[in-house]
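Structure record follows, encoded as structure tokens.
Just so we're clear, the structure is a prediction, and the values are computed from it rather than from any experiment. Throughout, protein chains are lettered first and strands after them, A, B, ... in sequence-line order, and every chain is numbered starting at 1.
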Protein chains: 2
Amino acid sequence: MRKSIGRLMAILHRQSQIYYNNTLKDLNISSAEYPFLLYLFSRDGASQEEMSCYLNIDKAATARAVKSLEEKGYVTREKADSDKRVNHVFLTEKANEIELAMKKKITGWSDLLTEGMSGESIEEMTQILEEMVNKVEKRNIRNKTEDKR
Amino acid sequence: MRKSIGRLMAILHRQSQIYYNNTLKDLNISSAEYPFLLYLFSRDGASQEEMSCYLNIDKAATARAVKSLEEKGYVTREKADSDKRVNHVFLTEKANEIELAMKKKITGWSDLLTEGMSGESIEEMTQILEEMVNKVEKRNIRNKTEDKR
DNA sequence: CTCAATTGATTGACATATCAACTATTTTAA
DNA sequence: TTAAAATAGTTGATATGTCAATCAATTGAG
């Protein structure tokens, strides 16, 4: 039976969610939430829009994940002065305290996937996946502009 | 910002669901259902357990997807004589009629992803993904047997 | 300037998937 | 042989994500 790229990636995605939910359980962080924290560790104060776009996650899902992180005490939200529609999201001290522990746990998944692969091979793989994402995004933009005509 | 393999695959997975839901809408088939039909086109009469295992999808999700396909008239279910716990799932005539149309639509996604890649490169990519899935499955089996101790 | 279009965020309805608990069978081991 | 364990499937609770509708704020074209 042919194993298609799509099916294989679907399996890896589902399994990754199971993995993250398990390993992050003791930090009280879910598989839906960690990508936002991860992004904020690099770009504290990012807007929800910015994160939605970068992570390719629906803005509704973003709103809910950020709200949940706020309730858990990992982030705070502030409306921008320059544009009151925008929420800037900031890490709390509680979030900074778990940064290393969280990153370590998250790395575990990539390590499992790339176990036994050369650094070169991993780099190439990442490159190809990035190109695939680019193709999809290009197609989405094309379809979107078509909608308006 | 580092684009990790996990994040890229998550994006491609989410986008693929959107793609399949859109393109299969006119056949009244959802992104959750098509993998089962696809499997049955190769192995008509498979059990739910067999499909759950091959597709790495929870047996509860399988039960619901198959039930939905039954309600839509694409499959029928029969309890096995030899083991009354087992459901064998069979394609209906209605399913066979749409086989080609469905496969064509599904191929569209892989084609988009692999556009511009050499056959060799695609083969290599598939190979690597398969190895990743194997590593994850091995780890799952390891954890499972540990649970029993 | 001003009114229509756009944008960022929120909410409700729904789809998909997991986990845990349960039922009904079948298998296994004492 | 029979009681316990395992297996296939179902169901309920819950988590994640999409879409569509809505709101408020901003932008831009005439």
Side-chain angles (χ1 to χ4, degrees), chain A residues 10-22 24-25 28-36 46-72 77-89 140 143-145 147-148, chain B residues 10-22 24-25 28-36 46-72 77-89 140 143-145 147-148:
Chain A
I11 291 176
L12 291 174
H13 175 71
R14 282 192 297 268
Q15 291 294 322
S16 79
Q17 300 223 109
I18 295 173
Y19 176 91
Y20 288 127
N21 277 325
N22 280 329
L24 297 175
K25 199 178 293 171
N28 191 24
I29 293 169
S30 75
S31 64
E33 293 158 356
Y34 86 86
F36 297 96
S47 72
Q48 296 184 195
E49 166 67 14
E50 182 183 341
M51 293 193 283
S52 266
C53 184
Y54 176 76
L55 298 169
N56 250 276
I57 290 178
D58 190 89
K59 57 187 180 163
T62 298
R64 289 179 179 119
V66 171
K67 189 182 173 205
S68 169
L69 283 171
E70 192 178 35
E71 285 164 1
K72 291 177 179 177
R77 282 189 281 189
E78 279 181 39
K79 290 227 170 291
D81 278 343
S82 55
D83 184 340
K84 287 181 205 123
R85 291 169 306 181
V86 175
N87 274 344
H88 287 295
V89 185
N140 284 347
N143 287 358
K144 202 173 173 185
T145 53
D147 283 349
K148 299 195 178 171
Chain B
I11 291 175
L12 292 173
H13 174 72
R14 282 192 297 267
Q15 292 294 322
S16 79
Q17 300 222 109
I18 295 172
Y19 176 91
Y20 286 128
N21 277 324
N22 280 329
L24 296 175
K25 200 179 291 173
N28 191 25
I29 293 169
S30 75
S31 65
E33 293 158 357
Y34 85 86
F36 297 96
S47 71
Q48 295 184 197
E49 165 68 15
E50 182 183 341
M51 293 193 285
S52 265
C53 184
Y54 176 76
L55 299 169
N56 251 278
I57 290 177
D58 189 89
K59 58 185 181 165
T62 298
R64 291 182 177 114
V66 171
K67 189 181 173 203
S68 169
L69 284 171
E70 191 178 34
E71 285 162 2
K72 291 176 179 178
R77 281 190 281 188
E78 281 180 37
K79 289 228 170 291
D81 278 344
S82 55
D83 184 340
K84 286 180 207 126
R85 291 169 306 182
V86 174
N87 274 346
H88 287 295
V89 185
N140 284 347
N143 287 357
K144 203 172 171 185
T145 52
D147 284 349
K148 300 196 179 169

Self-check item: CA sep, side-chain torsions, deciding dist, call: A:Lys25, A:Asn28, side-chain contact (heavy atoms from CB on, under 4.5 Å)
Solution: CA-CA 5 Å; A:Lys25 199 178 293 171; A:Asn28 191 24; over 6 Å; no

Exercise. Determine, stepwise, if the pair B:Val89 / B:Phe36 fulfils side-chain contact (heavy atoms from CB on, under 4.5 Å).
Key: CA-CA 10 Å; B:Val89 185; B:Phe36 297 96; over 6 Å; no

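Among the atoms of the strands shown, base atoms are found under 4.0 Å from some heavy atom of B:Ala60. Residue contacts shown for A:Ser30 are limited to sugar-phosphate atoms, with no base heavy atom under 4.0 Å away.
Both A:Asn87 and A:Arg64 lie near DNA chain C, and the one whose nearest nucleotide falls closer to the 5' end is A:Asn87. Between A:Ala65 and B:Lys59, the one whose closest nucleotide on DNA chain D sits nearer the 5' end is B:Lys59. Summary of the strand contacts: B:Glu33 and A:Ile18 both lie near DNA chain C, and taking for each the nucleotide with the nearest heavy atom, the more 5' one is attributed to B:Glu33.
Taking CD from B:Glu50 and CG from B:Leu55, the interatomic distance works out to 9.5 Å, rounded to the nearest 0.5 Å. Here the NE2 atom belonging to B:His13 is positioned 7.5 Å from the OG atom belonging to B:Ser31, to the nearest 0.5 angstrom. Note that the NZ atom of A:Lys59 and the CD atom of A:Glu49 stand 7.5 Å from one another [nearest 0.5 Å].
Atom pair B:Lys72:NZ and C:dA15:C1' shows a separation of 10 Å (rounding to whole Å applied). In this structure, the CD atom of A:Glu71 is 12 Å from the P atom of C:dT10, given to the nearest Å. In this structure, B:Ile57 places its CD1 atom 17 Å from P of C:dA15, rounding to the nearest Å. Atom CZ in A:Phe36 sits roughly 16 Å away from atom P in D:dA15 (whole-Å rounding). Here the C1' atom of nucleotide C:dT25 and the NE2 atom of B:His88 are 14 Å apart, to the nearest Å. Atom-to-atom, NZ of A:Lys67 to P of D:dT16 comes out at 14 Å; the value is rounded to the nearest Å. One can place OH of A:Tyr19 at 18 Å from C1' of C:dT18, the figure rounded to the nearest angstrom. If you measure from atom CG of B:Asp58 to atom C1' of D:dA13, you get 13 Å, rounded to the nearest angstrom.
The side chain of B:Gln17 places no N or O atom within less than 4.0 Å of a non-bridging phosphate oxygen (OP1 or OP2) of D:dT16. Taking side-chain N and O atoms only, B:Ser47 has no distance below 4.0 Å to OP1 or OP2 of D:dA8. In this structure, B:Ser31 reaches the C:dT16 phosphate: one of its side-chain N or O atoms is under 4.0 Å from OP1 or OP2. Proximity of B:Asn21 to the phosphate of C:dT16: a side-chain N or O atom is located under 4.0 Å from OP1 or OP2. At C:dT18, none of the side-chain N or O atoms of A:Gln15 fall inside 4.0 Å of OP1 or OP2 (strictly under the cut-off).
Within residues 77-86 of chain B, the residues approaching DNA chain D are B:Arg77, B:Arg85, B:Val86, by heavy-atom distance under 4.0 Å.
Comparing the helix axis at one end of the helix from C:dC1-D:dG30 to C:dA30-D:dT1 with that at the other, each defined from 5 consecutive pairs, gives an inter-axis angle of 20° (nearest 10°).
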Extract all donor-acceptor atom pairs below 3.5 Å that involve side chains of residues 61-70 of chain A and protein atoms in other chains or at least two apart in sequence.
| residue | atom | partner | partner atom | Å |
| --- | --- | --- | --- | --- |
| A:Thr62 | OG1 | A:Ser52 | OG | 2.7 |
| A:Thr62 | OG1 | A:Asp58 | O | 3.2 |
| A:Ser68 | OG | A:Glu33 | OE2 | 2.5 |
| A:Glu70 | OE1 | A:Arg77 | NE | 3.3 |
| A:Glu70 | OE1 | A:Arg77 | NH2 | 3.0 |

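Atom NZ of A:Lys84 has 12 or fewer heavy atoms from other residues, nucleotides or ligands within 6.0 Å.
Counting only heavy atoms from C-beta on, B:Ala63 has its side chain closest to D:dT10 among D:dT10, D:dA8, C:dT10.
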